[in-house]
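Treat the numbers as computed from the prediction; the structure is a model and nothing was measured. Counting starts at 1 for both ligands and their atoms, in listed order. Worth knowing before you read on, the calculation uses all heavy atoms, side chains too, and leaves out hydrogens, waters and symmetry mates.
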Amino acid sequence: MTAMICRRRVHITKATLLQLGDKFEVEPGNGASREGYLADHKIETYLIVPPKFPTYLQTLGMIESNLLPDRSTCLECKKWWHSEDLNPAVLWFRNRKQESEYRNQPDTEFRSYVACACLIFFAICVMQISIIPTSIVLYGTISPTMVVLLIFVYLCWLDGCCGPRPPSNTPQDESISCNPPSQIVAASRCLRLSIFLISVTLISICSVITLIDFNPQEIPDSLEDSVNVFVFPTAFSNLTENSTGFVETETIKERSGDSPEFMEYVPTYLYSSALVLAAISVFLRMGFLLKFCLMVISVVAHIVIYSYLDFFQIYHNTDVHDDEFPALPFELKTGLVLAMVVVFFHILDRQIEFTSRTDYLWKAKLKVEQEEVETMRGINKILLENILPAHVAEHFLNTRVTTELYHERYSCVAVMFASIPNYKEFYDESDVNKQGLECLRLLNEIICEFDKLLLKPKFSCIEKIKTIGSTYMLASGLRPGKEGDTNEATRKAEHIIVALVDFAICLMTSLDQINRDAFQRFKLRVGLHHGPVIAGVVGAQKPQYDIWGNTVNVASRMDSCGIMGRIQVTEDTAEILQSAGYTCECRGPTYVKGKGTLTTYFVKTVFDDK
Ligand SMILES: Nc1ncnc2c1ncn2[C@@H]1O[C@H](COP(=O)(O)OP(=O)(O)OP(=O)(O)O)[C@@H](O)[C@H]1O
């Protein structure tokens, strides 16, 4: 089995797999196809699938994505009687501020409700005009109502500006000065409420207004002799009733032929009453309690009007409509039917309001959670940017789990090692120094001062790689993307090298100041070189962004074989610095470990003579 081991995989027999149970994920090893012994003995083999451990950075991304609220649980259907946020009876938010915010939020769908109400009114009009004898009252009421409703519909749907625009200078002014009526209506709770109340009141009145207009001339001639009923509001006193209180319908039928024409008017009014309830209900975002009250008022008003009109009684007392409960009074039966319609719409309204309110609640909660996630994301980003360059941090925050090694290739990066060789002499683990703690404190101060310099905008192209003991390692030009043409590359090389040399001079100035404050004589020895490097992030725990390649090795050697207080560079780097106006003093052939003898240069600085 050992001979058969596949690269980085554990090859096991079936017997071993049975011992292991289901602790590991395996896949067929097909050992018999490669090894005769296994084939001869018919030994089944398996390969253990290596577990994939997400790295620290990938875990960070996972944590962040998990911070987002689980939408499935968020949208889980809760029952209104269990809701902690809503009053179960009236469905108002327990939090007053939330309630007022909910009520005052704009209703962009209001225009549709007005249009629906207008359509329902249109249906009532068509029904009444085609069935009920037309009169001046009918046209005199439905025409202005229709006009009013159409004006409402027009205003609610008008998206453009109306009227002359006041002069405005900026686009922002323009949006402020010109609010289309539809937006004004959608945004104003008072306007919406007024339009709703006016619309449903007019529709409700129009559906029964024609009843005041009945006169004897409209009664079929055949009934006029015996039924003295249609002189509103005269009671239907002259009707002959039998012992059960029912009109001898035979008499009516005999005199009027088949069912008299006015019999068709009654269902028309009842349907109109039901349609009024529908018109109230279509305003979905109006409070369900207000709608319920309006529906009850409308039904009661209509039934009271119907009960005062004798021709409804005649309709009821005849058997032309196949009444199954003739003993029940007309008002009660009509009331029950309309009450059922009211209950139906009320249940629907209540459910719609509950859904709308919970929807609002979830959106508000989601917003808070999203803000928290944003804050966490910001903190994560700051933390990550402290250990990785900004673009690498961005990469790990934005990409999903991947086991791929993160790496970048650059053709021109300037690398610098700046060490304090005499720090070793200063470091002492004596009691005076609290076993080296005081020395470490000073080193920390020095490194912190160096780090502060990196915040300067002119050094934004410089990336601190790490500190190795008292050596500060930096690189400039580690920005993915544009490598550009030759001219661009030369300019970039000059820019990144000059930035590092300037930074080295700043480090020396800063160390000089620390020396004065701490009465020390630390000196910086700097080595610099430029060329191609590979950058990448290594490690699952405490990941580190680092750079590798000959350029890094040479830069390190420039430091290690350099002189305290001087910046040593290679010939190539010196050429670029000289073309940029820096003075470089040739050190001559210098032995560099692992690289042989190289001609190196010292960059002239004000610290050379100190
Ligand atoms: N990414 C890096 N971070 C820190 N130091 C580096 C890095 N890459 C190279 N170096 C340093 O550059 C120097 C030159 O490396 P090179 O591989 O040429 O020599 P070496 O023989 O491996 O190292 P040494 O002789 O110093 O032990 C080494 O001292 C090494 O520590």
Side-chain angles (χ1 to χ4, degrees), residues 55-57 385-393 395-396 405-424 427 440 443-444 446-447 450-451 454 459 461-480 493 496-497 499-501 503-504 507 523-564 566-574 587 589-603:
T55 65
Y56 170 80
L57 295 168
E385 278 178 4
N386 271 330
I387 53 169
L388 297 175
H391 69 277
V392 185
H395 167 85
F396 280 102
L405 167 80
Y406 176 83
H407 72 281
E408 301 155 358
R409 246 174 228 285
Y410 296 96
S411 59
C412 183
V413 165
V415 186
M416 184 174 103
F417 283 80
S419 57
I420 309 167
N422 53 348
Y423 179 79
K424 281 193 194 98
Y427 186 79
L440 207 61
L443 178 66
N444 180 47
I446 295 169
I447 302 294
F450 289 179
D451 285 349
L454 282 170
F459 299 133
C461 62
I462 300 175
E463 203 67 61
K464 174 184 170 182
I465 306 296
K466 61 186 163 190
T467 52
I468 314 137
S470 60
T471 305
Y472 201 67
M473 181 182 170
L474 306 126
S476 71
L478 291 169
R479 288 280 185 280
I496 58 176
I497 294 166
L500 266 190
V501 169
F503 190 76
L507 290 184
K523 285 239 163 167
L524 214 56
R525 188 183 66 196
V526 180
L528 209 155
H529 181 54
H530 78 279
V533 299
I534 291 186
V537 179
V538 285
Q541 298 292 320
K542 296 184 187 155
Q544 197 167 17
Y545 179 79
D546 211 335
I547 48 174
W548 299 271
N550 188 51
T551 307
V552 187
N553 297 343
V554 173
S556 168
R557 292 288 182 221
M558 286 298 105
D559 164 35
S560 56
C561 70
I563 296 177
M564 282 216 287
R566 313 283 321 249
I567 304 170
Q568 182 171 229
V569 298
T570 55
E571 198 168 8
D572 292 348
T573 310
R587 188 186 181 186
T590 312
Y591 175 72
V592 178
K593 190 184 165 191
K595 311 289 163 199
T597 307
L598 301 178
T599 307
T600 63
Y601 289 77
F602 287 122
V603 182

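- The residue Ile465 has no part lying near ligand 1, judged by heavy-atom distances below 4.0 Å.
- By the definition of a contact as any protein heavy atom under 4.0 Å away, atom 19 (O) of ligand 1 is in contact.
- Considering all non-hydrogen atoms of both residues, Cys561 and Arg587 come closest at O-NH1, 2.7 Å.
- Nearest to atom 30 (C) of ligand 1 by heavy atom, out of Ser556, Gly549, Gly527, Ala555, is Ser556.
- In this structure, the protein non-hydrogen atom closest to atom 6 (C) of ligand 1 is Phe417 CZ, 4.1 Å.
- Proximity to Lys466 (heavy-atom distance under 4.0 Å) selects the following atoms of ligand 1: 1 (N), 2 (C), 3 (N), 4 (C).
- Contacts of Asn553 with ligand 1, taken as heavy-atom pairs under 4.0 Å, involve both backbone and side chain.
- Those atoms of ligand 1 that come under 4.0 Å of a heavy atom in Ile468, given as number and element, are 4 (C).
- For atom 26 (O) of ligand 1, the nearest protein heavy atom is under 4.0 Å away.
- Using a 3.5 Å distance cut-off with no hydrogens or angles, the side chains of His529 and Thr551 do not pair a donor with an acceptor.
- Counting the atoms of ligand 1 from 1 in the order shown, those under 4.0 Å from a heavy atom of Met473 are 1 (N), 2 (C), 3 (N), 4 (C).
- Across Met558 and Gln568, no two heavy atoms sit closer than the pair O-NE2, 2.6 Å.
- The closest donor-acceptor contact from the side chain of Ser476 to the backbone of Ile496 lies under 3.5 Å.
- If you check each of Val533, Thr551, Val552, Ile547 against atom 1 (N) of ligand 1, the one with the closest non-hydrogen atom is Ile547.
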Item to check | Check against side-chain contact (heavy atoms from CB on, under 4.5 Å), Ser470 and Lys424 | outcome: CA-CA 8 Å; Ser470 60; Lys424 281 193 194 98; 5.6 Å; no
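- Under the side chain to side chain contact (heavy atoms under 4.5 Å, CB included) rule, Tyr472 has a single partner from Ile420, Asp451, Asp559, which is Asp451.
- For atom 21 (O) of ligand 1, the nearest protein heavy atom (residue, atom name, distance) is Arg557 NH2, 3.8 Å.
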